[in-house]
Amino acid sequence: MIVKKYYLWQSSTWQRLMSDKKRLPHALLLRGQSGIGKLDFAISFAQALLCEQVNSAHQACGACPSCGWFEQDNHPDFRLISPEQDVSKDDEVSTKSTKKRTQIVIEQIRGLSDFLSLSSHKSDGLRIVTIHPAEGLNAAAANALLKMLEEPPPNVIFILVAHQAHKILPTIMSRCQTIDMPVPTTEDALLWMKQEGIQSAEILLSYSGGAPLMAVDEVEEGVLASFEICKLLSFGAKSDIFQLSTACLVLGMENAINALQKWSYDLLLFHFTQKVRYYQNQEGAVKKLVQQLNLSQLLDFQKMLGDAKKSANHPLNSELQLERLFLHYTQIFK
Ligand SMILES: [Zn+2]
């Protein structure tokens, strides 16, 4: 775990929490949309709270023993609970590597009790548990966590991170102090992306709906390849079904369906508002297609995409499914 500072757009949240760090509640809930740096904030915050010599901006020093443990990912007073981490059982998962675990299970929460009953590494010290994403707690795990929050052990802070806070048990919510995590302005997001050396930052940022970290992930997920697919889609009724299917198979079903959903969203949005959201560099093509649009066929297409998404993790016959989809796509346009 590398020392990460908070992001530019999080500085007032950081200062506000840190200026009152002696009186932090025993549970915080950081909520906000995906891809704006909530988990990084939570981890940096934990590191700074545990750091032995924070600087004047309340940031971790990166040099003390505590920061050293963080970097090696084995701080004795810190635990990160997330779905991916539970690989203890069910070896099947590794063979089906496309299937991502999405739930936090009760064993993971029960596994905390030893950690919570021990005293901290330091005599006066703090222990921190970060749970990400909190909506990933399944029912049994959520109830187990609730019991811990009802009788919080001394000197323990729980930091829950949520993209979809409405899915969290209200009884858990009520025991946390909720922090609404800021979404960066376009300027701040672009500045950061450019510092990270991201090419085509503007295009990627609008594609990710303004979430810069998601935009950066998308570079890896081949989003730029999805722009190639959109070029093929811009032929409307004359799109080449086989070329499209091949391009989608190369990109991978999940990413391909995602790209298609955003494309059809832009068609629909442009139809009603003369604006696009995701594919700003394709606005001209979208405008042209919308003039030939059959709305109910587009809505059917979106429904088909929704169904395809559900099976995207275990595609038995992706090729056939894609060809059906694109055949329908060509019929959207008069
Ligand atoms: Zn330190």
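Keep in mind that the numbers below use all heavy atoms, side chains included, and drop hydrogens, waters and symmetry copies. Atoms within each ligand, like the ligands themselves, are counted from 1 in listed order. Predicted model only: the values in this text are computed from it and were never measured.
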* Asked: If you measure from the Lys or Arg side-chain nitrogens to the Asp or Glu carboxylate oxygens, is any gap between Asp300 and Lys303 under 4.0 Å?
  -> no

* So, Tyr6 versus Phe41, ring centres under 6.0 angstrom or not? -> no

* Asked: Is Ile36 linked to Met214 within one hydrophobic cluster, defined over Ile, Leu, Val, Met, Phe, Trp and Tyr using a side-chain heavy-atom separation of less than 4.5 Å?
  -> no

* Structure fact -> Protein N/O/S atoms closer than 2.8 Å to the Zn ion (ligand 1), ordered by chain and number, come to Cys51 SG, Cys61 SG, Cys64 SG, Cys67 SG

* Would you please say whether a donor-acceptor pair under 3.5 Å links the side chains of Ser264 and Gln302? => yes

* Is the closest side-chain heavy-atom distance between Lys310 and Asp307 below 4.5 Å? -> yes

* Evaluate side-chain hydrogen bond (donor to acceptor under 3.5 Å, both in side chains) for His163 paired with Glu135, printing each intermediate quantity in order. => CA-CA 8 Å; His163 318 301; Glu135 65 269 24; 4.7 Å; no

